[in-house]
Amino acid sequence: MKFTDFNLDERLEKGIADAGYVTCMPVQEEVLKAGLGGRDLYVQSQTGSGKTAAYLVTVFQRMISLPEYKGKKALIMTPTRELAVQVEEEAKILSAHTDLKPASFYGGVGYVRQISMLKQGADVLIGTPGRVIDLRQSGSMDLSDVAFLVIDEADRMFDMGFYPDLRKLIKFLQPSASRQTMLFSATLNSWVKNLAWEYTTDPAEVTIEAENITVDEIDQQLFHVSSDEKMRLLCGIMRNENPESLIIFCNTKRMSEVVAKRLRVNGFPADFIIGDLPQSKRLQIIDSFKSGKLRYLVATDVAARGLDVDNLAMVINFDLPEEAENYVHRIGRTARAGKTGKAYSFCSEQDVYNLPGIERYIDAKIPVGALSDESFAEDKSAGMYIKIARYENDYSDDPGSRRRSASREKKASGRFPAGGGRFQADKEKTRRSASARKPSAGRTVHADEREQRDLSHLTLEERMRYYQKKYGGHSAGAQGENRRKPASAKGKPHTAGKGKKGAGKPQDRKRKPDLPPRTGAKHPARGETGKPAKPNPQKNRQSGGKGIKGWIKKLFGIRGK
């Protein structure tokens, strides 16, 4: 169907034409059919399927064509600042010929401009939960006349810890029977379903299958490569294929910064976006990337959520994501709106344990690409120390965002806390010394490396066994950012005994039998008996004596009663 088939308001049709929309995508057609009648909606649709235009056209049509909604407002909630800005830009295009006034509200910037927009009569409010709650509690934003509520990327809201904020915010609105509510999510998890059940009234469920987006229209390839050769392979792909635009995904903020700076050393003008960057800097980088001034962008999952780039040529997973759903979100940045694109993934001895979950989630085996010597290029940054910058974080979205940010980084990295600059520097020194011992990029490639590069003939189970046998618990990539223990090492019992390494019987982690119990035990090396002390039922929990008197006696060495 075409947008003109829905008999929309003339002013809105002009905005749709300005945006270049003619034929409805599947999610747009289904949302307009159900939403224009006023029903609540519960929509499952992948990123890049056109859902933003679907709910904006629906809400705008009802706001400008129905007299009962004159003077009412629409509230659109997004999980990230970048997505809020993106939705605002599209809303301004679609509403350009109407009297509607879209505006975005998010943290990281001052309140003055946002309060000014509210005073000027903004009626399409687009924002992140923390800043919206702040503005409402300060009396600057009135939510009592909100007639439309849209929650975009609801599953990302829960992943980022915004569920309590959403519940708090919805309490400020009119009852569900007095407003139209639409939830959009890429996955239908229990949190999203609970929110839909609690805050909607008889919602129409719309499910758009993601098979065409994740498989058919994207050229996916998986490259088996060791951690130490990832950078050389990345440089090789960028030199050989020379993509017009490229997003490189890493699992941690620190690795994103390191990869971007190493690319600059190799002659690729790359930049990075991470949560620690000031908001103005993040927006500047994203605008440069969207306009084509910046060709190469390195990002984490958190920083790139909601990033919509037209005609993105390629996505590279420098690290395989630990959450299978994020694989779909990452590669979905390319091949948007029915276009095609490429998605390459690096699978090292560290990443291989994430691969089974991803292939189960997409219900397909990612095609394995064969590598040759020509696939790799010289890494001019090898052995070079990369300094990690320190940033002044702005966590002004809401009081709990600092805690959420630390939790997100810890979850993303698997083991390193946020802001671990000194530990990161130690790891970089280790990496530098290890790289310095390696031959240059023009070195001879041995047979076992060629074997590792071409594993396309192996099944998933055979690949797992290959990595387990080759690297075991002491892989060559132990200097990497996301070191994980192999599955075989988890829960492995300790061995004890003399003589050959590993000899002896497994033990059950109890204390050695020749030592006394922990309570009251003395250290034999100090000349004590090693016998357990007699229990004292009147023992004070801190001093070990009888109340304050016992503490004083112990302090001055007084014995007796």
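Counting from 1, the numbers follow the sequence of the chain as shown. Heavy atoms only: backbone and side chains are in, while hydrogens, waters and symmetry mates are out.
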Query raised in the report: Okay, side chain of Ser245, backbone of Arg295: is any donor-acceptor separation there less than 3.5 Å?
Result: no

Query raised in the report: Taking atom types as modelled and ignoring hydrogens, do the side chains of Glu322 and Tyr327 form a donor-acceptor contact shorter than 3.5 angstrom?
Result: no

Requested in this report: Determine whether the side chains of Asp40 and Tyr199 contain a donor N or O and an acceptor N or O closer than 3.5 Å.
Outcome: no

Query - Pair Arg131, Tyr106: side-chain N/O donor-acceptor within cut-off below 3.5 Å - result: no

Report summary line: Minimal heavy-atom distance between Thr58 and Ala54, with the atoms involved, is OG1-O, 2.8 Å

Report task. For the pair Thr252 (side chain) and Met255 (backbone), establish whether a donor and an acceptor sit closer than 3.5 Å, ignoring hydrogens and angles. Result -> yes

Report task. Taking Asp5 for its side chain and Lys2 for its backbone only, find out whether a donor-acceptor pair lies under 3.5 Å. Result -> yes

Query raised in the report: Should the pair Tyr69 and Phe148 be assigned to parallel (<30°), tilted (30 to 60°) or perpendicular (>60°) ring geometry?
Result: tilted

Report task. Search all heavy atoms of Met182 against all heavy atoms of Val59 and return the closest pair with its distance. Result -> CE-CG2, 3.7 Å

Requested in this report: Verify whether one side chain among Ser256 and Arg254 offers a donor that lies under 3.5 Å from an acceptor in the other.
Outcome: no

Requested in this report: Verify the distance criterion only: is there a donor paired with an acceptor across the side chains of Gln120 and Ser116 at less than 3.5 Å?
Outcome: yes

Query raised in the report: Between the side chain of Ser291 and the main-chain N/O of Asp287, is any donor-acceptor distance below 3.5 Å?
Result: yes

Requested in this report: Spell out, as yes or no, whether a donor-acceptor pair under 3.5 Å connects the side chain of Glu153 to the backbone of Pro79.
Outcome: no

Query raised in the report: Donor-acceptor pair, Arg264 side chain versus Ala270 backbone, under 3.5 Å?
Result: yes

Requested in this report: Using the side-chain contact (heavy atoms from CB on, under 4.5 Å) rule, take Phe318 and Lys230 through it: C-alpha gap first, then chi angles, then the decisive distance, then the call.
Outcome: CA-CA 7 Å; Phe318 193 84; Lys230 275 186 177 182; 3.6 Å; yes

Report task. Without swapping roles, check the side chain of Gln61 against the backbone of Asp9 for a donor-acceptor pair under 3.5 Å. Result -> yes

Query raised in the report: If you look at every heavy atom in His97 and Asp18, which pair is closest and at what distance?
Result: NE2-OD2, 2.8 Å

**Report entry** Leu233 side chain reached by Phe223 side chain, heavy atoms, under 4.5 Å
**Finding:** yes

Query raised in the report: Which atom pair, heavy atoms only, marks the closest approach of Gln180 to Arg39?
Result: NE2-O, 2.9 Å

Requested in this report: Using distance alone, with no hydrogens and no angle criterion, decide if Ser176 and Thr201 have a side-chain donor and acceptor under 3.5 Å apart.
Outcome: yes

Report summary line: Scanning both residues in full, the closest heavy-atom pair of Ser178 with Gln174 reads CB-OE1, 3.3 Å

Query raised in the report: Would you find a donor on one side and an acceptor on the other, under 3.5 Å apart, between the side chain of Gln221 and the backbone of Ser345?
Result: no

Query raised in the report: Mind checking whether Phe60 and Leu100 have side chains closer than 4.5 Å, heavy atoms only?
Result: yes

Query raised in the report: Is Asp363 reaching over with its side chain to a backbone N or O of Arg360, donor-acceptor style, under 3.5 angstrom?
Result: no

